[in-house]
Amino acid sequence: KRGSMHNYGAAVDITIIEENGNELAVGEPTPQFKIVDKKPEELKRLLDNIKVSKQQASNRALLKAAMESAGYFGLSHEWWHFRAFSKEHVRKTYKIIE
């Protein structure tokens, strides 16, 4: 009903690739069914138990740094999700893209 930031054209879900087009290893996205409607302490426990390799963590950090340097910010529980503005700003300023 209110739409996500994607519905407003203000968020992207992305990964990172090498110059030659090969996708860097970043691990799998957090299973959404596990994080919906969780209390903060439950969510933290779930996220702390997701295992990624040192290389995957490094690649995630590289993606985050690149996106932040371009003015985007992410969500702590979705390493692949970045948006350009706060929800409040988007909902006041833009309309949902149908």
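- Atom OH of Tyr72 is separated from atom CZ of Arg83 by 13.0 Å, given to the nearest 0.5 angstrom.
- Residues His81 and Ala11 approach most closely at CE1-CB, 3.6 Å, considering heavy atoms.
- Checked for salt-bridge contact, Lys64 and Glu68 meet the test: a charged N lies under 4.0 Å from a carboxylate O.
- Between His89 and Tyr94 there is a side-chain heavy-atom pair separated by less than 4.5 Å.
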So Phe82 and Leu63, side chain to side chain contact (heavy atoms under 4.5 Å, CB included) or not? Walk me through it. CA-CA 10 Å; Phe82 294 89; Leu63 174 62; 3.9 Å; yes
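- The shortest non-hydrogen separation linking Val90 to Ala10 is CG2-CB, 3.7 Å.
- Closest approach of Leu24 to Leu62, counting heavy atoms only: CD1-CD2, 4.3 Å.
- Note that CE of Met5 and CD1 of Ile96 are 8.5 Å apart. Values are rounded to the nearest 0.5 Å.
- There is no path of hydrophobic side-chain contacts, each under 4.5 Å, that joins Leu75 to Val12.
- Contact detail for Ile17 and Glu23: the closest heavy-atom pair is CG2-CA, 3.8 Å.
- Considering only heavy atoms from C-beta on, Trp80 stays 4.5 Å or farther from Val26 through its side chain.
- Side-chain heavy atoms closer than 4.5 Å link hydrophobic residues (I, L, V, M, F, W, Y) into clusters, and following such links, even through other members, never connects Phe85 to Phe73.
- Arg91 and Tyr8 get closest at one heavy-atom pair: CG-OH, 3.6 Å.
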